[in-house]
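Reading through the C-alpha cells given below for one structure.
The sequence lines fix the lettering, A, B, ..., with proteins before strands; numbering per chain opens at 1. The model shown is predicted, which means the values in this text are computed figures rather than measured ones.
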Amino acid sequence: MSHALPPLDPAAIAAAPNARAWPFEEARKVVARVQKSGKKEAIFETGYGPSGLPHIGTFGEVMRTTMVRTAFRLLTGDSIATRLISFSDDMDGLRKVPTNVPNPQMLEAALGLPVSRVPNPFGSDAPSFAAHNNARLRGFLDAFGFNYEFASAADYYTSGRFDEALLRMLDVYDEVMEIILPTLGEERRATYSPFLPISPRTGVVLQVPVVERDVARGLIAYIDPDTGERVETTVTGGAVKCQWKADWALRWYALGVDYEMSGKDLIDSVRLSSRIVTALGGTPPEGFNYELFLDKDGAKISKSKGNGLSIEEWLTYASPESLSLFMFGKPKAAKRLHFDVIPKAVDEYFAFAASAQSQDAPALLENPAFHIHSGRPPAYDMPVSFALLLNLATASNPENRDVMWGYISAYAPGVTPETHPHLDALVGYAIRYFLDFVEKNYRAPDDVERKALADLSEALGALPEDADGEAIQNAALDVAREIERYQDRSRVGPSGGPGVSGAFFQMLYQVLIGQERGPRFGSFAALYGVANTRNLIERALAGELAG
RNA sequence: GGGCUCGUAGCUCAGCUGGUAGAGCACUCGACUUUUAAUCGAGUUGUCCCGGGUUCGAGUCCCGGCGAGCCUACCA
C-alpha cells in the first residue's frame, strides 16, 4: 500500500521560503504555477513504461519528485493538496521481446499488442505482462515507503477518463500534425497520426495514417494494413491510444499535471508535448531534465549493455536510504553509478542523519536526510562507519556476522546486534560486499612454512578452546621464535633472545586467508575459534586453499 | 545543427546567497600491540582549465576561449 504522508514541522514551514536546496527551487516553480491557475491541488506525475521492469532510474524519478513535492508542501504549509501519480503506459504496444524474460516465445506471439494485453510470461498471478511489471513497480515503491497513486493507461483509456481529452485532440488534429510532422523523417511522416488505433481484428496497436475524421461524431477512419479495408473507429473508450508525444500531452491535459521531471534524453519530447498540450488548451507542466547516469568508465548506462547498477544490486550491498542520498545529489550532473560509490553514500547518509538531529530548521532544509525522509529524518546511533566495517571484513575474513561482531563489540563495548540493529544490517552488507568483491589469493606454503604451520597447529591444540587472544598470540610467537627464518635480531624477545619478524604473520595471512594483510592473529584466532583455526591450517596444509 | 553537464590535492570528489581552499582514499611520521591488521593522533600535497570583466576582495558572479563527456535529430 501507498504510505501516508508524514506531517510537517511548523518550524520547517517557517524556514521554507529561504531554503535553497534544489527541491525547493523546483517547488517554487510549481507554487507560482498553481497560484496563477488558482487550482486547489497540485499534481505531480512520474511516468513508467511497463514493457520493462522498474529500474534504478524509475526509482530516482519517484524519489526526486517526492522531494519536490515535500518542498512544495512546506512552501504552501499544506494549504494546497498534493498528489503524486505514478502513471504506467501499459497501452503501449509491445515492440520487441525483452531479452531477460522467461518464455520469450509467449511474447513473440504477442508482438504489437498493448502490453496490458500481452500474456504474463513470468508465471505470477498477474493477468498480463504489464500487470506483472506494474505490480513490481508498486511493490518496490511500497517497499521504499512512497506516497503515490498508481494509474494505468489502459484503465484510463478504456474507462473513458480520457474521452474528453481525446475528442479535444481530434479537434486540434491539424495543429498537432503541424507540430509533429516537421520533426519526422520522410518515411514516418507518411504514416504518422497522433492516434494509434487498436485493431479490432488483431488487437495490435496500429501505426497507420488517418484517412478521414469526423470531429462532431468523434470518429476517425484508417486503412487496415493487412486487409486493405477501410475501418472506422471512435477515438474514445480505448479504441485508440495516442502516439507517444501526443500521449504525454493528453495525459498532462486530462490529469492536470503540474510537475513532471524527465531525463535529458527527453528534452525534445518535452518541448513537442508541451506544444501539443498548449494546442489542446492546457498549460505544460513545470519540470526539469535530470542528467542520465554513467557507468564506471563514464559511458551511458543502458539496460541492454547491462553496465551500471540495478536497484537490486545496490540494495544487496547497501541500504535504500543510501540510494536515496545518491539520487538527491546534483540531479543535473551526470554521475557515475557503480559499486564504488556505495560505501561513501552509506556513510554520508548516516552522517547527514546524525547532523540533522542537532540542526535548526534553516540548516535542516539543506540537509539531504531531511529530503530523503520527507521532512522527518530518523535518529541513529552508529558507532562504527561502513568504511570501517568494510576494512574489518577484508581484514578478518568473516564467514558470518559473529566474527565481525566480535571485533565490533571489542572496539565499542556494549554495542551488539540487539542494541544496534541498523549497524547489524551494515555488517550484513559489508560481508556481502567483501564476499563478492574482495579477491582472495591463497598461496601454497613451502616446506619451512609447512613445518611452522604444523607446529602452530600443535601449539594451538595445547590451548583451551576458550583461550584469549593474548594467549594465542603468545603461543604463535613462541612457535615462530624457534624458526630461524622468522627470527629478527634487531628485536629482543622477552627472554633476551631474538624477536619475531613480521614475515611470520604475513605468511599466515597469505596462506590462511588469502590476503596480504590481516587482523592481529591472536584476536582473529580467538574470535574464529581455536578449533576452527586449526582446521583452517589443516586445509592449507592439505592444499585445499591455494590454487 | 540544437541542448545539457563537467574541468578544484596523486585518485574520487565537496565547496550553499563572493571574504585569502576542504573531505575520503593514497602517502609520511607517531601512539598502541613482544615490530602484522584494525584503531587513534599528527603531517605533506593544489598557477581552484585559460584570458578578460565587475568588485575593496572571485574557485564562487558576467563575457570569451580551450578541453572532456553525454543527450537529441528513427521508436516509445
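The distance between atom CG of A:Asn289 and atom C1' of B:U5, rounded to the nearest whole Å, is 12 Å. In this structure, A:Phe505 places its CZ atom 11 Å from C1' of B:A37, rounding to the nearest Å. Rounded to whole angstrom, the span from the CD atom of A:Gln473 across to the P atom of B:C32 amounts to 16 Å. As rounded to whole Å, 17 Å separates atom C1' of B:U34 from atom CD1 of A:Ile472. Rounded to an integer number of Å, the gap from CZ of A:Phe386 to C1' of B:G24 is 15 Å. Per the geometry, NZ belonging to A:Lys264 stands 10 Å off C1' belonging to B:U72, to the nearest Å.
A:Phe162 and A:Tyr157 have perpendicular rings, their planes meeting at more than 60° on a 0 to 90° scale where under 30° would count as parallel.
Using a 3.5 Å distance cut-off with no hydrogens or angles, the side chains of A:Ser322 and A:Trp314 do pair a donor with an acceptor. A:Tyr192 and A:Gln207 share no donor-acceptor pair across their side chains, judged by distance under 3.5 Å alone.
Here A:Ile267 lies in heavy-atom contact (under 4.0 Å) with sugar-phosphate atoms only.
Taking A:Arg275 as the reference, nothing meets the side-chain hydrogen bond (donor to acceptor under 3.5 Å, both in side chains) condition, with sequence neighbours excluded.
Within the shown strands, B:A23 is the pairing partner of B:U12 under the Watson-Crick or G-U definition, both distances less than 3.5 Å. Using N1 to N3 plus N6-O4 or O6-N4 for Watson-Crick, or N1-O2 and O6-N3 for G-U wobble, each under 3.5 Å, B:C61 pairs with B:G53. Shown here, B:G46 forms no base pair; nothing in the strands shown gives a Watson-Crick or G-U wobble contact with both key distances under 3.5 Å. Nucleotide B:C4 forms a Watson-Crick or G-U wobble pair with B:G69, both donor-acceptor distances falling under 3.5 Å.
For the pair A:Ser116 and A:Ser128, the tightest heavy-atom approach, listed with the atom from each and the gap, is O-CB, 3.2 Å.
Contact of A:Arg271 with B:U72 (side chain to base): no donor-acceptor pair of N or O atoms is detected under 3.5 Å.
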Detail all sub-3.5 Å separations between protein N/O atoms and N/O atoms belonging to nucleotides 74-76 of chain B.
{"from": "B:C74", "atom 1": "OP2", "to": "A:Thr183", "atom 2": "O", "distance (Å)": "2.7"}
{"from": "B:C74", "atom 1": "OP2", "to": "A:Gly185", "atom 2": "N", "distance (Å)": "3.3"}
{"from": "B:C75", "atom 1": "OP1", "to": "A:Arg188", "atom 2": "NE", "distance (Å)": "2.8"}
{"from": "B:C75", "atom 1": "O2'", "to": "A:Arg95", "atom 2": "NE", "distance (Å)": "3.3"}
{"from": "B:A76", "atom 1": "OP1", "to": "A:Gln243", "atom 2": "NE2", "distance (Å)": "3.3"}
{"from": "B:A76", "atom 1": "OP2", "to": "A:Gln243", "atom 2": "NE2", "distance (Å)": "2.6"}
{"from": "B:A76", "atom 1": "O2'", "to": "A:Asp92", "atom 2": "OD2", "distance (Å)": "3.1"}
{"from": "B:A76", "atom 1": "N7", "to": "A:Trp244", "atom 2": "NE1", "distance (Å)": "3.3"}

Just the atom pairs and distances: protein N or O near nucleotides 12-19 of chain B's N or O, under 3.5 Å.
{"from": "B:C13", "atom 1": "O2'", "to": "A:Lys344", "atom 2": "NZ", "distance (Å)": "3.3"}
{"from": "B:A14", "atom 1": "OP1", "to": "A:Lys330", "atom 2": "NZ", "distance (Å)": "3.4"}
{"from": "B:C16", "atom 1": "O2'", "to": "A:Arg20", "atom 2": "NE", "distance (Å)": "2.2"}
{"from": "B:C16", "atom 1": "O2'", "to": "A:Arg20", "atom 2": "NH2", "distance (Å)": "2.9"}
{"from": "B:C16", "atom 1": "O2", "to": "A:Arg20", "atom 2": "NH2", "distance (Å)": "2.4"}
{"from": "B:U17", "atom 1": "N3", "to": "A:Arg20", "atom 2": "NH1", "distance (Å)": "3.4"}

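None of A:Val204, A:Val115, A:Val205, A:Leu113 except one satisfies the side chain to side chain contact (heavy atoms under 4.5 Å, CB included) rule with A:Leu94; the exception is A:Val115.
The cationic group of A:Arg64 does not satisfy the cation-pi geometry with A:Phe328, failing either the under 6.0 Å distance to the six-membered ring centre or the 45° limit from the ring axis.
Across the interface with RNA chain B, nearest-nucleotide mapping of A:Asp478 and A:Glu291 shows A:Glu291 to be the residue nearer the 5′ end.
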